[in-house]
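This report refers to the structure that appears directly beneath it.
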Amino acid sequence: DLPLFNDYLQMTVENGILAGVLFATLFLGVPAMALGRQLFSRSPVSVFPYVMTLMCLATSVDAMVDYPFHRVETSLLFVMGLGVVVREIYPRRASAQGGLVFGVYAMCGVFSLALALVMSSAFWLRTAGVRSGVSSPLERSIALWPFDVYFSSESVRSLIANDQIDVAERLVGARRQYWPSDPEGFLMLATLLEHKGDTVGSEVAYSRARFFVEGGRCYGPGVAGYRAFRARHGLDAAPVDPGEDHALCQARRVDR
């Protein structure tokens with residue numbers, strides 16, 4: 001694992017150098033080349049391709065310090081914007097392959113519509129379940145979209161307070177299954193285990209959340225949760241020096 005991680009490094013580490021080079025060429029090299037052709041083109045270029053190129057290039061630069069391409073909607077917008085840029089720069093080739101381009105856009109549109117329907121349904125069911133206190137809408141929401149950032153350790157505490165332990169268990173299980181490296185998922189697991197009286201397992205889960213590295217920094221809620229847990233159970237005080245926390249974090253990182 002690396003202190004400073006990004007989309008390009010992750011692609012290289014997970015899939016090899018060749019995959020990393022191809023990824024960087026497509027997502028960074030193509031927008032940069034397109035901007036160069038637009039700036040030094042003798043024929044006039046409309047403003048719209050410039051805007052789309054700058055949008056794609058800004059996303060590619062952001063990927064050097066973050067994970068914008070992990071979000072489906074960002075990747076879709078990037079690919080569609082890049083298609084517009086290539087079509088404007090190479091109009092003859094684009095016209096010859098117009099049917100293929102239309103097919104790609106059509107598939108992206110269908111996929112986006114399906115994804116939007118799934119996410120909207122999940123969010124609606126989650127809202128209905130939270131407001132009514134009924135477990136079935138929440139369970140359906142979890143099944144549709146377990147990545148919902150609304151679900152957190154507070155959600156688990158709310159379910160426990162409403163005596164919906166089985167729903168809390170399914171929520172934690174789904175989050176851990178589909179997002180195993182999520183630090184908030186460790187906090188949710190720790191909350192559930194602590195309620196069940198599993199002090200050892202809960203401390204391990206809190207510790208895992210605490211030592212997760214995100215952008216070179218420890219996960220703040222994980223650190224706070226770990227300290228609060230130790231205080232509640234009368235354990236030795238956790239380090240209070242942020243520098244010490246950072247050193248421990250760097251030494252005991254959780255793999256992404």
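Start at 1 with the first residue, then count along the sequence. Below, all heavy atoms of this structure are taken into account, side chains as well, without hydrogens, waters or symmetry copies.
- Residue pairs meeting the salt bridge (charged side-chain N to carboxylate O under 4.0 Å, His left out) criterion with at least one partner in residues 184-195, sequence neighbours excluded, are E194-R232.
- Residues R210 and E203 are not paired through a salt bridge, judged by the lack of any N-O separation under 4.0 Å between the basic side chain and the carboxylate.
- The distance from atom CG of D7 to atom CE of M64, rounded to the nearest 0.5 Å, is 11.5 Å.
- Here H233 contributes atom NE2 and T199 contributes atom OG1; the two are 5.0 Å apart, rounded to the nearest 0.5 Å.
- Atom CD1 of I160 sits about 7.0 Å away from atom OG1 of T191, to the nearest 0.5 Å.
- The CG atom of L189 sits 9.0 Å away from the CG atom of D198 when rounded to the nearest 0.5 Å.
- Residues passing the ring pair (Phe, Tyr, Trp, His ring centres under 6.0 Å) test with Y8, sequence neighbours excluded: F23.
- The side-chain contact (heavy atoms from CB on, under 4.5 Å) test applied to A19 returns M11, N15, not counting sequence neighbours.
- With sequence neighbours left out, the side-chain contact (heavy atoms from CB on, under 4.5 Å) criterion links T25 to V21.
- Every residue meeting the ring pair (Phe, Tyr, Trp, His ring centres under 6.0 Å) condition with Y206, not counting sequence neighbours, appears here in chain and number order: F229.
- Chaining together hydrophobic side chains whose heavy atoms lie under 4.5 Å apart places L22 alongside L18.
- Pairing each heavy atom of L77 with each of M55, the nearest pair is O-CE, 3.9 Å.
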